[in-house]
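What you see is a predicted model; the values in this text were computed from it and never measured.
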Amino acid sequence: MVKLEQAHQEHIFKPIYNSNSRILILGTFPSVKSRENQFYYGHPQNRFWKVLAAIFESEPLTTIEEKKVFLLQHRIAIWDVIASCDITGSSDSSIRNVIPTDLRVILNEADIAAIYANGATAAKLFHKHQEPIVQRNIICLPSTSPANAGYSLERLIGSWKVCKDFCS
């Protein structure tokens with residue numbers, strides 16, 4: 001068994017948003033698979049894209065381009081709380097030495113009605129590193145990560161439906 005070492009990582013891809021975005025969904029930091037794919041929620045077991053497709057009654061989203069178009073069509077911005085950190089693999093619990101992203105990049109351009117955290121760790125990191133700067137609240141949704149096995153896909157879809165409220 002290979003033991004993973006903690007390593008300093010930089011966020012390597014840009015947020016997805018435009019001036020029409022109404023909600024902002026924040027993760028913590030890209031997983032190893034997402035970093036390899038250079039796009040959000042790239043682990044095949046992460047249910048993020050399945051959840052969004054279900055609540056917006058969309059066909060499955062497979063390519064990065066389809067996902068970008070979908071997000072912008074539905075007025076959804078996505079990014080992460082962390083710009084760089086020390087992390088072991090994809091483990092949120094191992095995150096140390098956080099440098100936050102500058103959410104004002106999105107908040108100054110788009111009329112964001114609500115900010116959602118994809119999981120408790122994203123919410124916790126937002127409260128610590130972002131809230132004092134942006135002076136905004138965050139709504140914590142259950143994580144779509146495969147590590148959150150306690151939530152079935154159906155239960156996640158039910159919880160995440162609130163995102164649709166601001167997107168029309």
Side-chain angles (χ1 to χ4, degrees), residues 8-31 33-35 37-43 46-56 58 61 63-87 90 92-93 95-145 148 156-168:
H8 186 76
Q9 297 287 337
E10 300 280 334
H11 203 300
I12 57 171
F13 40 94
K14 295 183 184 311
I16 307 300
Y17 73 100
N18 65 20
S19 60
N20 294 320
S21 298
R22 295 285 291 142
I23 68 168
L24 172 58
I25 300 171
L26 295 172
T28 53
F29 190 77
S31 69
K33 282 289 183 199
S34 294
R35 295 191 303 262
N37 297 334
Q38 296 191 11
F39 199 68
Y40 299 90
Y41 306 103
H43 191 289
N46 193 302
R47 297 162 291 174
F48 181 82
W49 297 111
K50 288 178 183 173
V51 167
L52 287 186
I55 62 179
F56 287 97
S58 168
L61 303 164
T63 69
I64 290 173
E65 194 54 38
E66 285 174 347
K67 293 169 184 177
K68 287 179 181 178
V69 167
F70 173 88
L71 292 168
L72 297 177
Q73 282 178 339
H74 293 287
R75 304 174 76 183
I76 301 168
I78 61 172
W79 206 8
D80 289 309
V81 176
I82 300 171
S84 69
C85 65
D86 297 337
I87 188 169
S90 300
D92 281 357
S93 64
I95 291 172
R96 305 284 183 272
N97 301 318
V98 169
I99 304 294
T101 53
D102 186 357
L103 296 180
R104 294 172 295 185
V105 168
I106 296 173
L107 298 175
N108 289 342
E109 185 173 331
D111 184 21
I112 299 295
I115 303 173
Y116 296 97
N118 187 348
T121 303
K124 182 178 126 190
L125 290 165
F126 176 89
H127 289 303
K128 181 176 181 179
H129 298 284
Q130 303 282 10
E131 194 171 34
I133 297 166
V134 300
Q135 301 290 298
R136 298 281 300 264
N137 293 322
I138 194 163
I139 300 160
C140 185
L141 296 173
S143 175
T144 60
S145 165
N148 186 12
L156 283 171
I157 292 166
S159 297
W160 277 72
K161 281 186 179 177
V162 298
C163 292
K164 201 171 177 181
D165 295 347
F166 296 105
C167 294
S168 52

Quick one: closest heavy-atom pair of [X] and [Y], and the distance?
X: A83; Y: F29; answer: O-CE1, 3.9 Å
X: F126; Y: N137; answer: CE2-C, 4.2 Å
X: I139; Y: A114; answer: CD1-CB, 4.4 Å
X: Y40; Y: W49; answer: O-NE1, 3.2 Å
X: K67; Y: F39; answer: CB-CE2, 3.8 Å
X: N118; Y: S143; answer: OD1-CA, 3.2 Å

Are [X] and [Y] packed together at the side-chain level, in the sense that at least one heavy-atom pair is separated by less than 4.5 angstrom?
X: D165; Y: I23; result: no
X: H127; Y: I138; result: yes
X: D80; Y: P30; result: yes
X: N148; Y: R47; result: yes

Q | Pairing residues for N20 by the side chain to side chain donor-acceptor pair (under 3.5 Å) criterion, not counting sequence neighbours | A | none

Nearest-0.5 Å distance that lies between atom [atom1] in [X] and atom [atom2] in [Y]:
X: L71; Y: I78; atom1: CG; atom2: CD1; answer: 4.5 Å
X: D86; Y: Q9; atom1: CG; atom2: CD; answer: 9.0 Å
X: I76; Y: N18; atom1: CD1; atom2: CG; answer: 11.5 Å
X: L156; Y: K50; atom1: CG; atom2: NZ; answer: 11.0 Å
X: R75; Y: S19; atom1: CZ; atom2: OG; answer: 9.5 Å
X: C163; Y: I55; atom1: SG; atom2: CD1; answer: 5.0 Å

Q.
Looking at R104, I'd like to know if its CZ atom is crowded, meaning that more than 12 non-hydrogen atoms belonging to other residues, nucleotides or ligands lie closer than 6.0 Å.
A. no

Among [options], find the one that has a side chain to side chain contact (heavy atoms under 4.5 Å, CB included) with [X].
X: Y17; options: V105, L24, I112; value: V105
X: S84; options: N97, I99, V98; value: I99
X: V81; options: L125, L103, I95; value: L125

Q) According to the interplanar angle, ranging from 0 to 90°, do the rings of F13 and H11 count as parallel (below 30°), tilted (30 to 60°) or perpendicular (above 60°)? A) perpendicular

Q) Under the ring-ring contact (aromatic ring centres under 6.0 Å, His included) criterion, do Y41 and H43 qualify, and how do the steps go? A) CA-CA 6 Å; Y41 306 103; H43 191 289; over 10 Å; no

Q: Would you kindly say whether T101 and Q130 are connected by a side-chain donor-acceptor distance under 3.5 Å?
A: yes

